[in-house]
Amino acid sequence: MLFNLAILLGTLVAMEGVGTLAHKYIMHGWGWWLHRSHHEPHLGVLETNDVYLLALALIAAGLVAVGKAGYAPLQWVGGGVAGYGVLYVLAHDGFFHRHWPNKPRPLNRYLKRLHRAHRLHHAVKGREGSVSFGFFYAPPLRVLKRQLRKRRGP
Ligand SMILES: [Zn+2]
Ligand SMILES: [Zn+2]
C-alpha cells in the first residue's frame with residue numbers, strides 16, 4: 001500500500017516536470033495550433049486547448065489498462081497522471097483563470113506566486129517569448145520579470 005502511494009505521489013511530482021516541458025516545447029512548439037486558443041480571448045467554456053486534457057486522460061486510462069493486464073504498479077502511475085489532470089483543472093482553469101463562479105482568491109504566498117507567475121505567462125501574446133511554463137512550481141517573480149524585460153528588449 002505504502003509502495004503504491006509512493007508511486008502515486010512520485011508520479012504527481014514527475015508530472016509537473018513533464019507538464020512544464022510539454023507546455024514549453026510541445027504546446028508552445030509544434031502543438032501551438034491547439035494551445036493558441038488559450039492565449040487568445042475566448043468566451044466559451046471549452047477551448048481547443050482542452051484536447052491536451054483529453055490526451056492526458058487517454059494516457060492515464062492506457063496506463064491503468066496496461067497495469068490491470070499485468071504490471072500492477074502502472075495502475076498507480078496512471079492514477080497519478082489522472083490526479084495531475086484533476087489538480088491542473090482545479091489550479092489552472094479554476095484558480096488561475098477564475099472560470100468558476102465563486103472566484104477563489106490566492107490564500108497564501110505560494111498560491112499568490114503561482115497565480116502571478118501564470119499571469120506573466122499570459123503577458124506575452126504570441127507563441128514565443130513566454131515565461132513560467134509550470135503549473136505548480138513557479139520561479140521567483142523577479143526572475144520572471146527580468147526574463148520578460150530581456151525578451152522585450154529595451
Ligand atoms: Zn501557454
Ligand atoms: Zn493559462
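In each ligand, atom 1 is the first atom listed, and ligand 1 is the first ligand listed.
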Worksheet item: Is there a side-chain contact between H28 and H121 (heavy atoms, below 4.5 Å)?
Response: yes
Item to complete: Answer yes or no as to whether an N/O/S atom of H23 is found below 2.8 Å from the Zn ion (ligand 1).
Response: yes
Discussion item. Which atom name would you report as the N, O or S atom of H28 nearest the Zn ion (ligand 1)?
Written reply: NE2
Fill in: Non-hydrogen side-chain atoms of T11 and V81 separated by less than 4.5 Å
yes
Worksheet item: Using the ring of each side chain (for Trp, its six-membered ring), is H35 parallel, tilted or perpendicular to Y52, with breaks at 30° and 60°?
Response: perpendicular
Worksheet item: Mind checking whether F136 and Y84 have side chains closer than 4.5 Å, heavy atoms only?
Response: yes
Worksheet item: Quick check: does H122 have an N/O/S atom under 2.8 Å of the Zn ion (ligand 1)?
Response: no
Worksheet item: NE2 (H121) to the Zn ion (ligand 1) to NE2 (H39): angle, nearest 10 degrees?
Response: 90°
Discussion item. I'd like to know if I7 and I59 are part of one continuous hydrophobic network [Ile/Leu/Val/Met/Phe/Trp/Tyr, side-chain heavy atoms within less than 4.5 Å].
Written reply: yes
Discussion item. To 10 degrees, how wide is the angle NE2 (H97) to the Zn ion (ligand 2) to NE2 (H92)?
Written reply: 90°
Worksheet item: For the Zn ion (ligand 1), which N, O or S atom of H35 is at the shortest distance?
Response: NE2
Worksheet item: How open is the angle at the Zn ion (ligand 2) from atom NE2 of H38 over to atom NE2 of H118, rounded to 10 degrees?
Response: 160°
Fill in: S132 (side chain) donor-acceptor with H118 (main chain) under 3.5 angstrom
no
